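Below is one structure, written out as structure tokens, with a few remarks after it.
All values below come from the heavy atoms of this structure, side chains included, with hydrogens, waters and symmetry mates left out. Not measured: the values here are computed from a predicted model. First the proteins, then the strands, lettered A, B, ... as listed; each starts at 1.
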Amino acid sequence: MARERVLIVSAHPLFREGIARLLEGQAEVVGVVSTWEEAKAIVPARSPQVIVVDHADATLKEADLAPLLWPDIEDLRVIYVTLAGDKMTVHERHQVIGAGEADLLAALKGQRSPTARAQPIPYEGRSQRMEKSPQRRSYTRHFAIVSALVAVVGVLSAYGLIQVPKFTRASAQGETVDWVMDLHFALIGFLFALVVVFMLYAVIVFRRKPGEDGDGDHFEGNTKLEITWTVLPLITVLAFGVIGTRTLADVTKPQPNEMVVEVAAFSFGWQFSYPEYGISNVVNRMVVPVNQPLLLKLRSWDNDVIHNFYVPEFRVKQDLVPGLPTELRVTPNRVGTYKLRCNELCGTGHTLMLADVVVVERAEFDAWVKEQGAQLTPEEMARRGQEVYTGSGCAACHNLTGEPGLPGPSWKGLYGAQIALADGSTVTADEEYIRRSILYPNEQIHAGYNPGIMPQNYGDILSEQQIAYLIEFIKTLNGQHTGH
Amino acid sequence: MSIFRLGLVRGLIGGLIGWAFGFALVVGVRLALGLTPQWRPMAPGLAAYEPAVVVAGIFFAIGFMLGAGTMTDWLKWARGIPTPFHHGPRIPGTPEWARYFSVDYSHKVIGVQYGVTGIFLLGVGGILAMIFRLQLAQPELNFVAHDVFNTMISAHGMIMIGSILLGVGAMSNYLVPLMIGASDMAFPRLNAFAYWINLPGAVLLITAMFIGGWNTGWTGYPPLSARAPLGVQYFFLGVFFIGLSSILGSLNIIVTTLRMRAPGMTLFRMPIFVWAAFATAIIQLTATQLIGLSFLMVLVQRILGMGFFDPRGPVWFEVDKWVGGGNPLLFQHLFWFYSHPAVYIFVLPGLGIISELLPVFARKPLFGYKWIAMSSMAIALVGFLVWAHHMFVSGMNNYLRVPFMFSTLLVAVPTGVKFFSWLGTLWGGRIEFKTPLLFSLSAISVFLIGGLTGPPLATVTTDLNLTDTYYVVGHFHATMFGGFVFPFFAALYYWYPKATGRMYSERLGQLHFALMTPAFWVMSLGQVYVGMHGMRRRVATYEEALGIGTGQLLITIAGFVIFISVLIMLYNLAVYARRAPKAAANPWRSRGLEWQIPSPVPEVSFATTPFVVGEPYDYGLPGSRYVQMAPLPAMTGGD
């Protein structure tokens, strides 16, 4: 077997001569140089197979690249040798492969793996790691201070968050929701303190002081810590998941003696029906007794859009979806008047899609029920008609002033008038005409107005009762009654 | 040089020609079939021609891309004409500035194009926000009509999302090849196409505001979006094209990252930002189709009557027999399957920037490098399993709420790993308070607000109260600002000397920081507070009785402070720094590959092959190196 062709590189003459003498007879020393620059200059001409490099000579690390620089030199390898005291350490690709002359000779002759060239580029960074960085400080005192600060700030911020005044609460379900929220607040307060206090402490204590130019302490991580702060949060969120599931079951659980209220939403208003009391389609006003569990049966019309039932004081909400009946359970437990607010963007009128939710004592509720069934005076019917007018979207297209400009004809002076139709005929605006115009708006088109503008679903939205109220209201616009 | 040589101008001309062609095509077909030219004669203006307007919008984009020249090379290939890749301007002789207004294949030019377009959209979205925040500053102000208000919030939402996607594109396009030692992206022409398709997308999105607007919010839920004004169609198309950019761009990032790393750069020796960009690209490539699909389905529901999301089923005009079969909830599932992971598209690169900058300014290794890298992948994975938490009150089955609550809460775990690892990185450092570091610290504090307000939304019980209120607005603005805006600004300051060779004003940068950070805290916490006190999301006004007027006023003032502080940044980067002193080649003493080459980066980024010989973040380890440049051939002493 041919002898290896060896190039020796070291700034130190004793190293060069010592290694050269050691290899005498064992290998063919094709060059002995003191710098990498010199080595680079002679490598192509002498084509060594092994470059032996003095590892103590830090400037020579470029030697790692030798196999890449001269890929045409067969089997070019780099072996580092460290001489310290009377000991010798031999490395190849930064792996210690031996500690003695015999190891160096073995390394020179060592069978090369055929895949050696595909090995990763020599790995420089970690090979020089010191067991303990000399500039590493002790953190025990810092950890003690910061832990104390986290504890204090954590308790204070958790307490502070829970103490922030909450919005008025008016339902039994709301108590559960707020309890879970307080639990969250406690966790948020603690975690906020943990991160913010740690961060502020670190940036203040470990800031660069004027004139300092050095680096920070060298540590790359801590697997135990990483596992800890993966597992503890995992347990915490799983616990919150369990709490969330149980409380969700609580707030959606059927209650004994539920009272059904059917809630229908349309763009842009609300209707409430009480099937157990035979009351239907009360517009934009829901009256319910206090401490009475309610089952709200929610729906939006098939040709309408998604709305959302939300009374902030009740703390629970639910979408009303066309074609998909939904339910919401709530037990109001505080007397008062609240606002139902549509909470799913539904178009131009979304912001003002509000309804009154009136929570009253049972006796007051019974009185209200009785009143709903009573015979109404024309004045009362007209007054309710006006509520329908403002609450069911009529006002968007029909004004009460007689001025033109809106998409639909004005209602002022409408009742009893002779109406010119688009097909050239005329018709008297009597009760039947108004009723049919509401139910079938494209049947008879008022001259000067476009068909297809008015929604064709008022037959669904309005009860017969409400249409009667509207007609009474329109009558008042001719001055037949008091009012307009 | 004539402006008609600029790709941008040619694109716009091509787009207008395409628009006219598309419009004429549909009207012509209608006339040939003996129909009226209008589709809905009673509707006002362009809305009467909705199908023609939609087809015109599609041809606008095609015309734009052809006109700008993004497809010139591909068309040549189709005809068998080779177009070898070369560095430098695509059309030889183009002046340097004109390259930025024309199709160019250099990832550095494309990165800057992404960034500038992103900042432009950030400005448009910001101005919209300033207008509607004025309306909300006090109760019962009504100077903006409610339907205009709805259009503005919808446009604000989607334009900002576009802006963020472009910002993400800017960072990953500019940085990934430089950080991994690649000469360019794997597919430079596709890269240019992916950038340019954003422009017709953005034009359509902005045009949508002026052709009737759309009152649906950025989420565009049907049935509302199925009957919204005409503008919603250009909103859909605009999002579709911007989404296409995401898909093509991410493909490039994935291939470049996997195939073009410098010798010696194993996956775990990649800069941490590259991990983040890689995880982001996986989400973009896998999820973006779903938003394009869901919007496309509403688009055809409108003009072809295919009632995918209408409980009445297919509805043809003037036919009142309804057959059923459509479902509004289907849209929400499709939509959120993208739009939740999208949040991680927005924040993962930003979190990567934080992880990238902290070690440089703390002069310490990144604490738990592998854990941070894997946490990005974990977030990308878990992010796919949580979409229905947006639908807890949608009418979705009650039992489906529980698994999505658990999967959503799980996101907290890898996110927590990032926070704790950042603290570990700062601990024991020698922290230098330069602007990029300050913005990274702001980002951590703001993302913390976003993160901690999350679990109450993930927990169904509390979500019943909080969802769709201003609390959510506070939560996701904190997430977006902490996860994207603050880190993006940090990145702008940090790599500005790399890209331009000039140094910005540190004082102005710190002023920007000092204004924006506390203002954002006030804004965000204010939003959370009013949301818990009856303020709904997406309402044009609110009544005095809610008692949140003061909170709202503070939010508005804080919003304006943020806006002004961003103007200061723009002044700093665009005006001040142009006459500033030249920056040092490596002003941050970074170990990063991109800092071992001259600034601004030469046309050919790496004169010789860089070899990775160590760890990226071994600050504080004497004598260690991350990268080693192969010597120039002349220096090897060979012949």
> Given that the side chain runs from C-beta out, which part of P325(A) has a heavy atom under 4.5 Å from chain B: side chain, backbone, both or neither?
Replying inline: neither

>> Per the salt bridge (Lys or Arg N to Asp or Glu O under 4.0 Å) rule, what does the pair list look like for residues 234-249 of chain A, sequence neighbours excluded?
In response: none

> Should the ring pair W427(B) and Y201(A) be called parallel, tilted or perpendicular, given that the plane angle runs from 0 to 90° and is split at 30 and 60?
Replying inline: parallel

> Is there a donor-acceptor contact under 3.5 Å from the side chain of Q318(A) to the main chain of V393(B)?
Replying inline: yes

>> Report which part of L238(A) has an atom under 4.5 Å of a heavy atom belonging to chain B: side chain, backbone, both, or neither.
In response: both

> Step by step, would you call D182(A) with K166(A) a salt bridge (charged side-chain N to carboxylate O under 4.0 Å, His left out)?
Replying inline: CA-CA 10 Å; D182(A) 281 345; K166(A) 291 200 171 54; 2.6 Å; yes

> With a 4.5 angstrom heavy-atom cut-off, which part of V146(A) approaches chain B: side chain, backbone, both or neither?
Replying inline: side chain

> Side chain, backbone, both or neither: which part of Y338(A) has an atom under 4.5 Å from a heavy atom of chain B?
Replying inline: neither

> What part of D304(A) is in contact with chain B, defined as an atom under 4.5 angstrom from a non-hydrogen atom: side chain, backbone, both or neither?
Replying inline: both

Please tabulate, for the side chains in residues 406-413 of chain B, all donor-acceptor contacts under 3.5 angstrom to protein atoms that are two or more places apart in sequence or on a different chain.
from    : atom 1 : to      : atom 2 : distance (Å)
S407(B) : OG     : L385(B) : O      : 2.9
S407(B) : OG     : P403(B) : O      : 3.3
S407(B) : OG     : F404(B) : O      : 3.2
T408(B) : OG1    : H389(B) : ND1    : 2.8
T408(B) : OG1    : F404(B) : O      : 2.5

> Which one of V539(B), N215(B), T461(B) has the most heavy-atom pairs closer than 4.5 Å to chain A?
Replying inline: T461(B)

>> Using heavy-atom distances under 4.5 Å, tell me whether L225(A) contacts chain B through its side chain, its backbone, both, or neither.
In response: side chain

